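We count ligands from 1, going down the list as the structure has it; atoms in each ligand are counted the same way. This one's a predicted model, so the numbers in the text were calculated from it and none came from an experiment.
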Amino acid sequence: MSNSIKNRIKKVIGQRVINNIKSHPSIIINYFNDMVLYYKHSTVFFQNTPNKLECQIILDYHSVEKGLLFENTRYRFARERILSLHKNLKHDFIISRSHHSQIEVAYKVMCKYYELHQKNNIDIEDFFTPEQYGFYKEVLSFRYDSKFNGVISHKKSDFYKNTENNFFQFSNSRKSIRSFTGELVPITVIEEAVSLATNTPSVCNRQASKVYLVNDKESVDSILMIQGGLSGYTENINQLLVLTTDRNYFYTIGERNQFYIDGGMFLMNLLYALHYKKIANCPANWGKTKKEEEKIYDFVSIPRSEKIICIIPIGIAKDEFRVTLSKRRCLSEVMVSL
Ligand SMILES: Cc1cc2nc3c(=O)[nH]c(=O)nc-3n(C[C@H](O)[C@H](O)[C@H](O)COP(=O)(O)O)c2cc1C
């Protein structure tokens, strides 16, 4: 590298940074390696493996499930998702895996979507033909279920009846709720839930996670607008939690992703604690680019050392509400004995 380029780099990033990187050069190699692996194996650049195809199918069918949640169905919803599913569900490879949990449920969601429109005399033939419906039923064969529903209806009184029961019943009863009454959850109850979540184990007990409560509707709406994954449900969301993990507590290059793990663990514990305290909630994805993430700092004052892990709208559940089926994988798809 010529001296003039070296000097220019020095000027831009500063001598201190250069010295620090010289003493820990592996920071570059490791972050670069993370980037290469993400480039190769995520679905950002390639959709060329069975798992990548399955990822797209799940994204699409889950979006359709979410559309089925609305009490007043917006007919012909999620058209682009349906078109994407048509494209992927006709692959021979996918057909041959139609017994896999996520593929099977995708075919079932498609049948449900068609039947819902047929039952209500809504014409969708421009993007979903009777032949395609027939084909999906044929693929499902004996697994076709006319009673299948992509959503589950709950009465609030029943929904929370397992919160004091054993872990099996408790864990099976937690669900993401997106329909709130708009009433505010008392701060003391939120505090009790967050306190309970502090039981989360963390690396060397460093406890780097923090929870910010946003109570003002204008900020809540702005954050939800940036978040973008809850459109259609935001009207009655008046409170939300922002979960972060502080990078100050991580001290080796090997730990460069540890704060996501600790934050993720805190998140799960928080979701359970909220459920235990009968606070309806739905975690909302904060997988943002730098540019998108910057926008949130206009609405919440969070030190830049902290990584936002998740946004969690909270509230009081309506007396009756629906949740997505969100079919889980079966054990054989998850556990591998080596
Ligand atoms: C990190 C994370 C991000 C999520 N982001 C969203 C979101 O942006 N919008 C949404 O409606 N649901 C979101 N969800 C909820 C998932 O769709 C839901 O957890 C999944 O379908 C399983 O359903 P369950 O939580 O009811 O068991 C998110 C869940 C997690 C854990």
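- The distance between the ring centers of Tyr107 and Tyr144 does not fall below 6.0 angstrom.
- A salt bridge between Arg256 and Asp34 is present, with a side-chain N of the basic residue lying under 4.0 Å from a carboxylate O of the acidic one.
- Under the 6.0 Å cut-off for aromatic ring centres, Phe321 and Phe180 do not qualify, their centroids lying 6.0 Å or more apart.
- A salt bridge links Glu104 with Arg143: at least one charged nitrogen is closer than 4.0 Å to a carboxylate oxygen.
- Taking the six-membered ring for Trp, Tyr75 and His117 have ring centres closer than 6.0 Å.
- Protein residues with a heavy atom closer than 4.0 Å to ligand 1 are His62, Lys66, Arg174, Lys175, Ser176, Arg178, Gln227, Gly229, Leu230, Cys282, Pro283, Ala284, Asn285, Ser326, Arg328, listed by chain and number.
- Here Thr289 pairs with Lys291, Glu292 under the side-chain contact (heavy atoms from CB on, under 4.5 Å) rule; sequence neighbours left out.
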